[in-house]
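Just so it is clear: chains get the letters A, B, ... in the order the sequence lines come, proteins before strands, and each one is counted from 1. What you see below is based on every heavy atom in this structure, not just the backbone, and it leaves out hydrogens, waters and symmetry mates.
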There are 2 protein chains.
Amino acid sequence: MPDSAPATIEDVARIAEVSIATVSRAIHTPDKVAKSTRQRVNQAIAITGYTTNAMARSLRMGRSNMILILAPDIGDPNFSSTLIGLENEARAHGFGVLIGHTQNDPERGLEYLKFLSSGQATGLVLFTGHEPFGHQVVGQRLPPSVAVFEPVFGSKISYVGVDDVAGARKAAEHLLAAGHRSIAFIGDSKTRLGHQRRRQGFDIALDAARIPPQQRFVLEGEGTIESGRLAVEQLFMRDTLPTAFMCVNDATAVGVLNGLNARGYDLPHDFSVIGFDDVPQATYVNPALTTIRQPRTAIGRQAMSLLIKSLSDRPTERQEILLMPDLIVRGSVTAPVRR
Amino acid sequence: MPDSAPATIEDVARIAEVSIATVSRAIHTPDKVAKSTRQRVNQAIAITGYTTNAMARSLRMGRSNMILILAPDIGDPNFSSTLIGLENEARAHGFGVLIGHTQNDPERGLEYLKFLSSGQATGLVLFTGHEPFGHQVVGQRLPPSVAVFEPVFGSKISYVGVDDVAGARKAAEHLLAAGHRSIAFIGDSKTRLGHQRRRQGFDIALDAARIPPQQRFVLEGEGTIESGRLAVEQLFMRDTLPTAFMCVNDATAVGVLNGLNARGYDLPHDFSVIGFDDVPQATYVNPALTTIRQPRTAIGRQAMSLLIKSLSDRPTERQEILLMPDLIVRGSVTAPVRR
DNA sequence: TTGTAGGCGTTATCAA
DNA sequence: TTGATAACGCCTACAA
């Protein structure tokens, strides 16, 4: 039964009848203390319910064993399963993780930066392609960091993510194999690297199949449901229509599905749609979405592993680890209807 | 341009040509230092880029200004918007928040408990109805805490959430008003208080409408999509069927919708379905789900406000704050078809 | 194998 | 109005 104030190392020392130095050693370098002493110390720890005060420890050591994960949007369906990979790996190495939610607000980012610079976390995982703390600060004196899901634009921060080009290529090839020759790519972007890479995979596949550029419809989009809906509207103002939609991500695909449904089409008969990410929602939409699955947990695991390595080693150079995604076939792709 | 090591209060003192005590005062009690001195200090702070080391500060003060939010499942669609309410309110009072993800794993809970007991956080927000850290520890020496979304069973921890009874009643009354007389309640539970309260609201409404118990179908369910699907299957093994489904939450409702769709029914013509929560997904499902909206951000805000109050005041007694939810009408409820 | 003592960066007390 | 100084709890040379 612990008393009112948390036990300190001194309480333990008193009960075990040793010095605080010995207690500390018994905890961190057990070999360096005699067996009998060690036992007495352990008993005393059990009695007092002692837990080392992490703040005092980190203050003294100049570093904590916490890793901060910064996410602009906790609700992102990609986030939670990646997080599990990050957490499991961290734990296996004796690190704890804390999550910071920036809401895409630079001021909030700055607050977490303070958290970092006061040594409360040793490492940083970035869950966003944007610079986390406004421009001036970035890279200035960040702790060892790694980015997931979207590389940090123009920085030296290592990156672990999906192989966008290969994944997009798989998606496009699936459409091609189903017989489609007139395909739209929804979600091109001038600023987002991940989008560009997926576009690139799309082009590679269509080039290989000798689909002429006239039969490709490329529309911009920021990767939201709304942007998918919008793209459908834009497309329907043209003379010719594609038979299939390849979407930069599942959110866009959901928007496209919505837009098509709203126009009264019978899916997947009239149009095929394929997404990218495989978010949980992809299952519940109608028809269930054929898509490319991000290996989220694996991404998290590898990212954390890389980060922890860079914590102990000499500063290493930037690395980029790309994981191969799989095609998940559900109901949203069929052979094209002749029009 | 900060140099390699973070500036300390001493660096500032040296540059401002004052003592560290004065620097500290200039920061925390500006009135107690001469205007000219204050200015010099501020300049020095600007030059050095000084940030007070939170760990040293907390060590000295015996408490930090961080609040830990513990969630069993970060992916819970109710989580992210509640979080925003929590964060905003915390920030307005000068507190920072950190999120801990327990994955429903007691060991992980224990780790965060250590985090707490080593003083790295001053307050605790619980996002779960289960005891967070296994039985033995709970309530033993938790910092001031508040629970959100589901009261902590059998504890003295204050609670902020939705008025389940009133909300469920609204839902049932909406079904009743549409003409339904034979209604199923999906998601009853022997252990989950929130489910029980919703069931209670359902009964109140049906009692008031003098619907005899024989016309009520009550099925258990844990509130998952799967449990909704399952309930449909169970129901279809009986002789008589309800005309409407009132689901304990949206996830269940999605499952019910899926199950009904899979059996080839035309919704909402053949059956009406209503949910509870209004998660983002409710919009994308087909037909769009009529449901009861949790005032999530408000819940977060109030919970944090309560917590912060209990941080400064003398220990107050347990409070329970219930917020009133609204009915959101979309497409999944219509008049019953005569069979 | 063990103990003593200094210092990590702060804040707060007490004098000046 | 300011400055010296003692903690906060811990780790780690350095001595014994």
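- The ring-ring contact (aromatic ring centres under 6.0 Å, His included) contacts involving residues 20-51 of chain B comprise nothing, where partners must be two or more places apart or lie in separate chains.
- Pairs passing the salt bridge (Lys or Arg N to Asp or Glu O under 4.0 Å) check and including a residue from residues 30-41 of chain A, sequence neighbours excluded, do not occur.
- Take B/D163 and apply the salt bridge (charged side-chain N to carboxylate O under 4.0 Å, His left out) test, not counting sequence neighbours, and it matches no residue.
- At the heavy-atom level, B/A34 lies under 4.0 Å from the strands shown only through sugar-phosphate atoms.
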For residues 11-26 of chain A, dump all side-chain donor-acceptor pairs below 3.5 Å to protein atoms at least two apart in sequence or in another chain.
unit_1, atom_1, unit_2, atom_2, d
A/D11, OD1, A/R14, NH2, 3.2
A/D11, OD2, A/T8, N, 2.8
A/S19, OG, A/A21, N, 3.4
A/S19, OG, A/T22, N, 3.4
A/S19, OG, A/T22, OG1, 3.3

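- For the pair A/R25 CZ and C/dT2 P, the interatomic distance rounds to 8 Å; values are reported in whole Å.
- Of the residues in residues 35-42 of chain A, those lying under 4.0 Å from DNA chain C by heavy-atom distance are A/T37.
- Among residues two or more places apart in sequence or in another chain, the side-chain contact (heavy atoms from CB on, under 4.5 Å) test is passed with B/A298 by B/P295, B/R301, B/L323.
- Not a single salt bridge (charged side-chain N to carboxylate O under 4.0 Å, His left out) links B/E10 to another residue, sequence neighbours left out.
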Using distance only, find each side-chain donor-acceptor pair of residues 69-80 of chain B under 3.5 Å and give its atom names and separation, not counting sequence neighbours.
unit_1, atom_1, unit_2, atom_2, d
B/D73, OD1, B/G75, N, 2.8
B/D76, OD1, B/N78, N, 2.6
B/N78, OD1, B/R296, NH1, 2.6
B/N78, ND2, B/D277, OD2, 3.4

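- B/Y159 places a side-chain heavy atom less than 4.5 Å from the side chain of B/L322.
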When you compare the protein's N or O atoms with those of nucleotides 8-10 of chain D, which come within less than 3.5 Å of each other, and at what distance?
unit_1, atom_1, unit_2, atom_2, d
D/dC8, O2, B/R60, N, 3.3
D/dG9, N2, A/A56, O, 3.4
D/dC10, OP1, A/Y50, OH, 2.7
D/dC10, OP1, A/N53, N, 3.1
D/dC10, OP2, A/I9, N, 2.5

